[in-house]
2 protein chains.
Amino acid sequence: MKRKPAEYYGYKYDIPLDEFFQFGVSVDCVIFGYKEGKVYILLIRRGAKPYEDQWALPGDLIYPKENLEDGAKRILIELTGLQDVFMEQLGAFSEVDRHTLGRVITVGYFAMNHLDKFNPKAQSWVKELSWVELTEVPQLAFDHNDIYDNALRKLRNYLKSDKPIGFELLPEKFTLLEYLNMVEYVLGEKLDKANFRKRLLAADFLVPLNERQKNVNHRPAKLYKVNQIKLFEK
Amino acid sequence: MKRKPAEYYGYKYDIPLDEFFQFGVSVDCVIFGYKEGKVYILLIRRGAKPYEDQWALPGDLIYPKENLEDGAKRILIELTGLQDVFMEQLGAFSEVDRHTLGRVITVGYFAMNHLDKFNPKAQSWVKELSWVELTEVPQLAFDHNDIYDNALRKLRNYLKSDKPIGFELLPEKFTLLEYLNMVEYVLGEKLDKANFRKRLLAADFLVPLNERQKNVNHRPAKLYKVNQIKLFEK
DNA sequence: CCAAAAGTGTTCATTCTACACCCATGG
DNA sequence: CCATGGGTGTAGAATGAACACTTTTGG
């Protein structure tokens, strides 16, 4: 995109206008995944400087003709093949010295899905890719721990809220207890089973299926799925 | 900030790395102000292209060595003289064609204060400055209406939440009814006076003063101030 | 029959809501 | 005395927390 000289626009800055246009912009994604009772985030081992070989959130510079959301979706698809996933912006992180490559502002994104569907594939620019349990998240490159903390806070708020977005983490069919266990895992606290069931069913986001668990050595639980429409209305 | 050549970092992009570093980054502030029962936001009439002469949120490109928060504070101080005001990030707005000057990503900021203290002063780059009632916000330049909508939603959530941040809007000493009227104005709905008082006082954010209204032709109301410490703890 | 998890019911305390009513001041 | 807003009390409904209990399956 060619720019006209600063005088045209009437700007009067104390440094040349060009120096304002030297920022890089990146997105970094906190991708939560759930499988068999545990919640993970997707981390990469960096294959490029700076912080080469260190663990980091998956992220990338966005292209000159790309907006942030498309950038975030691109990363998600490249690494996981996932499309049409719940995604939300976390905010911008902009400390002057956060990136050694130059002045780079990053915007965090938050995504959720269950892990049953896919095998993440490392791209050329990534040395290693791994789902890491929430309790095991190591020190990360850049300010990525800040971004992660932000995302975890948001996830917890969602799980506690009237609009339990956390369903996105579960497989299509799930039991109420499976959902409860996931919530307890993320919140790090025990909740009352009976009250949890009642509140959840009263909220009317779930549709009971004519299906039950199989091959369990106890009374099989009823399976539910999400009523996407009701969830969206809230 | 000088950058090393792309090869040094091991990046392999399909376009030269320099093209990633041509973004401008700006902040735009939604500054809420309260006076005598009404809530306003501060708007400027632009003195530079693009959108010259149109109404817009006050904002500016951030400097190469400045982070977003400092940029937002700078704008607030330049236009209003206000320092140490409650501020919060709203998120990034990044549509590719949102700015004709070049590729500019903007980050919205949210601030609140009461208007009794100060007279905003237009800077050289601003043709006109005005406090506009919430109900009268016109069409704005760029995507500024989106940013404003976002901010208003946030303000409403705050006023409804357990942590009523809206105190920032009020003068140092205020009556409960004054606060109620402000909340009703912003939410656009009537609330029950008795229940509002009870909930507010139970939340324990307010300190009653040994002072009452003067020269009113009805029973004078007790004045309160905010217990900043309690508010911070929540 | 037992173990284990599914699922229900009941009680009590707390909070919310609606609304009636009394109080203090200026004029 | 009245008008005006300030300020309180209460009853009933709704919600939430704690916990005991019943049900259904596999083995």
Side-chain angles (χ1 to χ4, degrees), chain A residues 36-38 156-164 166-167 170-171 173-185 187-225 230 234, chain B residues 34 36-38 156-157 159-164 167 170-171 173-185 187-226 230 234:
Chain A
E36 290 162 14
K38 288 179 176 171
R156 286 178 170 156
N157 282 336
Y158 273 137
L159 295 181
K160 283 192 271 193
S161 78
D162 295 335
K163 183 180 182 177
F167 296 131
L170 299 175
K173 303 171 180 183
F174 53 90
T175 70
L176 296 189
L177 266 280
E178 186 171 12
Y179 181 51
L180 172 60
N181 288 332
M182 186 273 282
V183 171
E184 288 179 339
Y185 179 93
L187 296 185
E189 56 180 302
K190 283 279 168 196
L191 302 174
D192 183 278
K193 184 180 51 151
N195 297 332
F196 186 84
R197 294 178 69 91
K198 274 177 274 186
R199 198 152 37 85
L200 198 50
L201 293 174
D204 209 27
F205 294 129
L206 298 186
V207 184
L209 300 171
N210 274 331
E211 231 178 307
R212 319 193 130 264
Q213 279 181 315
K214 278 174 189 143
N215 303 317
V216 287
N217 67 337
H218 56 73
R219 175 175 175 179
K222 181 173 263 192
L223 293 173
Y224 291 81
K225 67 170 184 162
K230 288 278 175 85
K234 254 280 183 172
Chain B
Y34 167 86
E36 290 161 14
K38 289 179 174 168
R156 286 179 170 155
N157 283 336
L159 294 182
K160 284 192 270 196
S161 78
D162 294 335
K163 184 181 181 176
F167 295 132
L170 300 174
K173 302 172 180 181
F174 54 89
T175 71
L176 296 189
L177 268 277
E178 186 171 12
Y179 181 51
L180 172 60
N181 288 332
M182 187 272 283
V183 171
E184 287 178 338
Y185 179 93
L187 296 184
E189 58 180 301
K190 283 279 165 194
L191 302 174
D192 184 280
K193 184 179 53 154
N195 296 333
F196 186 86
R197 295 178 69 91
K198 274 178 272 185
R199 196 152 38 86
L200 197 52
L201 291 175
D204 211 28
F205 294 131
L206 299 186
V207 184
L209 300 172
N210 275 329
E211 228 177 311
R212 317 193 133 261
Q213 280 181 315
K214 279 175 189 143
N215 304 316
V216 288
N217 67 338
H218 55 74
R219 176 174 172 180
K222 183 173 260 191
L223 294 173
Y224 290 81
K225 65 170 188 167
V226 174
K230 289 275 173 87
K234 254 276 183 174

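Computed from heavy atoms alone, side chains included, the values below leave out hydrogens, waters and symmetry copies. Sequence lines set the chain letters: A, B, ... in the order given, protein chains first and strands last, and positions in each chain run from 1.
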Donor-acceptor contacts under 3.5 Å from residues 207-218 of chain B side chains, at least two apart:
from, atom 1, to, atom 2, distance (Å)
B:Glu211, OE1, B:Lys173, NZ, 3.0
B:Glu211, OE2, B:Lys173, NZ, 3.3
B:Arg212, NH1, B:Pro220, O, 2.7
B:Gln213, OE1, B:Ala221, N, 3.0

Taking atom P of D:dG6 as reference, at what distance in whole Å does atom CG of B:Leu180 sit? 9 Å
Rounded to whole Å, NZ of B:Lys190 lies from P of D:dG5 at a distance of 11 Å
Residues forming a side chain to side chain donor-acceptor pair (under 3.5 Å) with A:Lys193, sequence neighbours excluded: none
Sequence neighbours excluded, the answer for side chain to side chain donor-acceptor pair (under 3.5 Å) partners of B:Tyr224 is none
Hey, what do you get for CG (A:Asn195) to CG (A:Leu200), rounding to the nearest 0.5 Å? 12.0 Å
Is it the case that the side chain of B:Glu184 and the backbone of B:Leu191 share a donor-acceptor pair, with hydrogens and angles ignored and the cut-off at 3.5 Å? yes
Between D:dG6 (C1') and B:Leu223 (CG): distance, integer Å: 12 Å
Looking at residues at least two apart in the chain, or sitting in another chain, which of them share a ring pair (Phe, Tyr, Trp, His ring centres under 6.0 Å) with B:Tyr185? none
Contacts of B:Asn195 and A:Asp192 projected onto DNA chain D by closest heavy atom; the upstream (5') one is B:Asn195
Find the distance B:Leu177:CG to D:dT8:P and express it as a whole number of Å. 11 Å
Rounding to 0.5 Å, atoms CG (A:Leu176) and CG (A:Leu201) come to a distance of 5.5 Å
Distance in Å, B:Phe167 CZ paired with B:Leu206 CG, rounded so as to fall on 0.5 Å steps: 4.5 Å
Measure distances between side-chain N and O atoms of B:Lys198 and base N and O atoms of D:dT10, and say whether any donor-acceptor pair falls under 3.5 Å. yes
First contact, last contact: which nucleotides of DNA chain C are these for chain B, 5' to 3', heavy-atom distance under 4.0 Å? C:dT17 to C:dG26
List the protein contact pattern of nucleotides 20-26 of chain D with one symbol per nucleotide (5' to 3'): B for base contact, S for sugar-phosphate-only contact, - for none; contact means a heavy-atom distance under 4.0 Å. ---BBBS
Quickly work out the B:Lys222 NZ to D:dG7 P distance and round it to whole Å. 8 Å
